[in-house]
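The first residue of the sequence shown is numbered 1, and numbering continues consecutively from there.
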Amino acid sequence: MARRAAVIYLYGTLFFGKGASENDTKAPGATARGHVIMGGMFPIHKGVEKIDGSFAPQPQICVGLSVRALVLSLTMINAIEVVNRSPLLMDLNITLGYRIQDSCTDVSTGLRATVDFIEQAKCGKGHSPSKCNQPVVAILGAAFSEMSILVARQLALDMIPQISYSSTAVILSDKNRFPSFLRTVPNDEHQTAAMVRLISLQGWNWVGMIISDGDYGRSALEHFATQASEYGICIAFKSILPYTGTDEDLRSAVRQAAQTISQNPKAQVIVSFTTPTHMTELFQELWNEMMRKGQSVESMRRLWLASDSWSTSAFVQGDLTLEDMGQVVGFNFRTGNMSSFNEYLDRLEVTGYNNTQNDTFLEELFMLMNESSISRNTDLLASKVVKAIRANINPATVFSVELAVAATAQAIASVCRNRDCKNPGNLQPWEVLEALRVHEFEGQGKSYTFDSQGDINEGYDVTIWTSLEGKINVHDIVAEYNPQTKNFTLTSSNSSGRFQDLQQIFSKCSNSCIPGEFKKTSEGQHTCCYECINCTENYYSNDTDMDQCMSCDKNTEWSPKGSASCFPKRVTFFKWQDRFAVCLLAFSVLGILLVLMVSALFLHKRDTPVVRAAGGPLSQVILYSLVVSYISAVLFVGRPSNLQCKARQVLFGISFTVCVSCILVKSLKILLAFQLNIDIQGALRKVYQSYLIILGCVALQVTICISWLVLKSPYKKIISLPQTLLEDCHEGSYLAFGVMLGYIAILAFVCFICAFVGRKLPHGYNEAKFITFSMLLYLISWLIFVPIYITTPGVYLPAVEMVVILVSNYGILGCHFLPKCYIILFRKSQNTTSAFRKKLYEYHVKSSDSFSVSGSSVSEKQLGFQQSVRDASSFPPKEDYVKPAVEKNYRNRDSFKVSYRGKNERINQYSFHRRSMSF
């Protein structure tokens, strides 16, 4: 009751003036005379006691002394005393007084205090100066944005400068609506940006938000949501606690907020722009909610990002511990040197109660401390009061108040240098406002200036609450935030480790998508809630939580499914060291060696019947064309070049054309020698010119190849495959390539037909069967090659063509020459003229036995046969041969008679004249 009586008395004198004279200095709360007066508005009390049953307007009684706010009023007093002792005002012979009033954290009370300031500012205009105190030229306050917005609208009518030390709502930076409002702290847009930056750096993207209803909280929510979306941060929930209303409304809102927090366990980080009172209620309700559900303490713990409104209010823990609450990361204004204020508190502790004469707020604190103290020792009481004050100091806010006083004093000094400011009315508030906006000022050795929005943006100190023996330290600064660079600067080596500890907290709706995955968000969900999908082939993601996969350069890169990077495509071609290539090269070299050995053997045995029957000089042409063909096969191995691409097809085409042309001449020679139809044989003899035929066939192929090279020649190309880059030869014109191969096929087919017709000719020297088989092998191999070549691109495509070339070459070598080499080396008895003629004779006898003779003259076929034998007789050299088992009558060296007695009847006699035929 004594406490209430004291409070009623104090505020009765404040508002009604009962028991106080007009000049009673206790009336405003805290005053000091001076030539220029600066007003101050602080929430010295936490609220007002509402009186029901009365409709008449009346001031309400303030209750709940706030020592933290009292500290700020004492800071203002000390700062003014320091300025008065400085050369700045002493040289001008003026002093700065103060008039501090209590807003009681109530809008109505704050507005009444504002009206009092305005009346003091107007005093002297139309009034007798003797009846007025010195007018107020600037006001320091208010603490909260809601109060500052209302006060600023009133003060703007008379352009009285208002400097706030902690009101951070963004709306107050609008100079069109609040032209006289200034502040020594940054607005909340920078604070929310700092929080968003910290959340982004820690990798969180799923956070909750608690705000107090009003301009301060809603403005912070708006700016935080906008900035968070730019960083891909989602707000899991928003809880709004009422700033005004009944206690039941507040309890209901706090209970709902606690349930929302409990229902969102993934949101481990909660941003809070609310009052310390709200946070106290919320922490207690979270504890109650946990107990009701029988959950562990871990379910309650969160990481709290505390705004400047409660980041230094350790008392919010109530009966809980910091371990119960979780972790608190606070954002507060930059701090300064506290030495001046600490010295003031030291003097206050010495002087004690004597300092309360002009400060009813401090007097109330002494009275409260006196009631709770057993001892009545005044020295101990003063020590207790100062200790309570020191426990509630917020260094950042103290620095802001000192900065505001310094700015106001220097603005007044700049105006009063040119006039006498001692007389009331000589210094107008708007002049001080102009000086504040225009001039720089100094504070604690550093220059400051208000920006175009009337703010001083020095950034923020970031604190992490710590606990030692149950006592919470809220001033442990670990980093500083620079709003210009939007980066944090660690204050010590230990700060890095403490920031890393925060990374252990997981606050995401979904697990992070690792590199190689991308986020897929379901329709209607938050963008932070997603599932992770592997990137498809040739796409990659190289960072966590990417919204989409990036494409590789498909011409030079590739990537498998779920890849975190692209890989350069490996350059491939038919390499020399490839086992298949080594095998084919071995066959090519073996083929060349066999051809050279056969050529040497044929040259050595060039006068033998077998060599002469094989074509003589033409056999050498065939052999060396095969050498060139084998060499062309080698060009299909290795890294291709433009020259190599042109040479390999042309060499094969021309060399194999030479080979097939020679075989064609041999086929025609056999038909010419043994064709029984005289008419056909005569026609063949007229056109048969072996070397001209070879030159004509080869010339046509050369023309085709030259046209191919000139018009659209083969060239090197790079084929982009899924994982490799294949270096291969493009044929330039596939039509020309087909014409070249088709031309050889036509020649081979003609050889095949001619050889097939003569396949039953004498076995000993007849090559028709071998030509037939070799040409058939060539045609079949190339017919198989064509569809494979068209449908199967790849590194082994050159090997396919190489195989076909080798098969063709070995077919000719094996069918045309190796049997003759066998006879030359191992059947020497068959490589004689006599053996050769014996086979020829046996063939003629066998052929004659098939004739049908019935006493008539020799048929036309018999005459043709006679001529064939004559022609064939020129194949072997002129040597005697063993007499056959038939009757032979030699008339001379140039003719002979053959008689046949096979069926008891002499059929005919033929005279054969040897001719020398050149093939």
Side-chain angles (χ1 to χ4, degrees), residues 192-209 223-238 261 264-271 298 301-305 326-327 329 331 462 464 478-479 481-482 485-490 495-554 556-569 723:
T192 55
M195 290 181 173
V196 168
R197 180 61 175 165
L198 177 62
I199 293 170
S200 176
L201 290 175
Q202 298 300 324
W204 306 318
N205 67 359
W206 190 242
V207 300
M209 197 160 186
H223 287 88
F224 180 86
T226 301
Q227 295 162 347
S229 63
E230 297 176 359
Y231 284 86
I233 300 170
C234 301
I235 299 177
F237 60 86
K238 299 182 287 287
I261 294 172
N264 288 271
K266 290 184 177 181
Q268 288 292 307
V269 176
I270 299 177
V271 178
E298 286 77 8
R301 294 171 183 163
R302 295 292 188 272
L303 177 83
W304 302 89
L305 295 185
Q327 298 186 64
V329 178
F331 287 78
V462 181
I464 297 180
V478 295
Y481 176 77
N482 188 329
T485 61
K486 296 183 178 180
N487 282 321
F488 294 90
T489 303
L490 301 179
S495 300
S496 177
R498 301 187 64 181
F499 261 101
Q500 290 178 357
D501 292 340
L502 298 179
Q503 295 178 356
Q504 299 177 1
I505 296 174
F506 186 85
S507 186
K508 293 185 176 182
C509 180
S510 302
N511 292 328
S512 296
C513 293
I514 62 175
E517 300 176 339
F518 72 98
K519 299 187 300 184
K520 182 180 180 182
T521 306
S522 300
E523 185 176 356
Q525 286 187 340
H526 283 280
T527 57
C528 298
C529 300
Y530 49 80
E531 57 179 328
C532 298
I533 307 297
N534 283 333
C535 296
T536 57
E537 293 181 357
N538 296 323
Y539 287 85
Y540 73 99
S541 61
N542 57 1
D543 201 357
T544 56
D545 292 334
M546 293 189 66
D547 294 323
Q548 61 182 3
C549 297
M550 297 177 290
S551 175
C552 298
D553 184 353
K554 296 182 181 180
T556 58
E557 298 175 330
W558 75 281
S559 66
K561 183 178 180 181
S563 177
S565 62
C566 293
F567 303 97
K569 289 187 176 181
Q723 298 181 14

* Rounded to the nearest 0.5 Å, how far apart are CD1 of Ile270 and CD1 of Ile235? -> 12.5 Å
* Does Trp204 use its side chain to pair, donor to acceptor, with the backbone of Ile505 at less than 3.5 Å? -> yes
* How long is the gap from CE on Met546 to SG on Cys535, to the nearest 0.5 Å? -> 7.5 Å
* Check the pair Asp547 / Phe518 against side chain to side chain contact (heavy atoms under 4.5 Å, CB included), numbers first and verdict last. => CA-CA 5 Å; Asp547 294 323; Phe518 72 98; over 6 Å; no
* To do: Return yes when atom CD of Gln503 has more than 12 non-hydrogen atoms of other residues, nucleotides or ligands closer than 6.0 Å, and no otherwise.
  => yes
* Which value, rounded to the nearest 0.5 Å, describes the distance between Ser495 atom OG and Ile464 atom CD1? -> 7.5 Å
* Should Leu303 and Val329 count as side-chain neighbours, where that means a heavy-atom distance under 4.5 Å? -> yes
* To do: Mind checking side-chain hydrogen bond (donor to acceptor under 3.5 Å, both in side chains) for Asp501 and listing every partner two or more places apart, or none if nothing turns up?
  => none
* Approximate separation, where rounding is to 0.5 Å, of Ile533 CD1 and Cys549 SG -> 9.5 Å
* To do: Return the minimal non-hydrogen interatomic distance between Phe506 and Asn511, and the atom names on each side.
  => CZ-OD1, 3.3 Å
* To do: Search all heavy atoms of Leu490 against all heavy atoms of Phe499 and return the closest pair with its distance.
  => CD2-CD1, 3.4 Å
* So how far is it from Gln723 CD to Ser559 OG, rounded to the nearest 0.5 Å? -> 9.5 Å
* To do: Show your reasoning for whether side chain to side chain contact (heavy atoms under 4.5 Å, CB included) applies to Val207 and Ile233.
  => CA-CA 8 Å; Val207 300; Ile233 300 170; 4.1 Å; yes
* Excluding sequence neighbours, so at least two apart, what forms side-chain hydrogen bond (donor to acceptor under 3.5 Å, both in side chains) with Ser541? -> none
* Asked: Considering residues at least two apart in sequence or located in another chain, which fulfil the side-chain hydrogen bond (donor to acceptor under 3.5 Å, both in side chains) criterion with Asn542?
  -> none
* Do Phe488 and Val462 come within less than 4.5 Å of each other through their side chains, counting heavy atoms only? -> yes
* Sidechain-backbone polar pair: Arg197 side chain, Tyr481 backbone, donor-acceptor under 3.5 Å -> no
* State, to 0.1 Å, how close Phe331 and Met195 come at their nearest heavy-atom pair, and which atoms those are. => CE1-CG, 3.7 Å
* Look only at the side chain of Lys266 and the backbone of Cys509, and say whether a donor-acceptor pair between them is shorter than 3.5 Å. => yes
* To do: Please round to the nearest 0.5 Å and tell me the distance separating atom OG of Ser507 and atom CG of Asn264.
  => 10.0 Å
* Apply the side chain to side chain contact (heavy atoms under 4.5 Å, CB included) test between Cys552 and each candidate in Tyr540, Trp558, Phe567, Tyr539; give the one that qualifies. => Tyr540
* So Thr556 and Lys569, side chain to side chain contact (heavy atoms under 4.5 Å, CB included) or not? Walk me through it. -> CA-CA 5 Å; Thr556 58; Lys569 289 187 176 181; 5.8 Å; no
* Asked: Counting only heavy atoms not in Glu557, do more than 12 sit closer than 6.0 Å to its CD atom?
  -> yes
* **Atom of Gln268, atom of Arg301 and distance for their closest heavy-atom approach** => OE1-O, 3.6 Å
* Checking Ser563 side chain against Ser565 main chain: does a donor-acceptor pair fall under 3.5 Å? -> yes
* Should Leu305 and Phe224 be marked as a side chain to side chain contact (heavy atoms under 4.5 Å, CB included) after you check the CA-CA gap, both sets of side-chain angles, and the distance that decides it? -> CA-CA 12 Å; Leu305 295 185; Phe224 180 86; 5.9 Å; no
* To do: Decide yes or no for Val271 and Met209: does some side-chain heavy atom of the first lie under 4.5 Å from some side-chain heavy atom of the second?
  => yes
* Sulfur to sulfur, is the gap between Cys234 and Cys528 shorter than 2.5 Å? -> yes
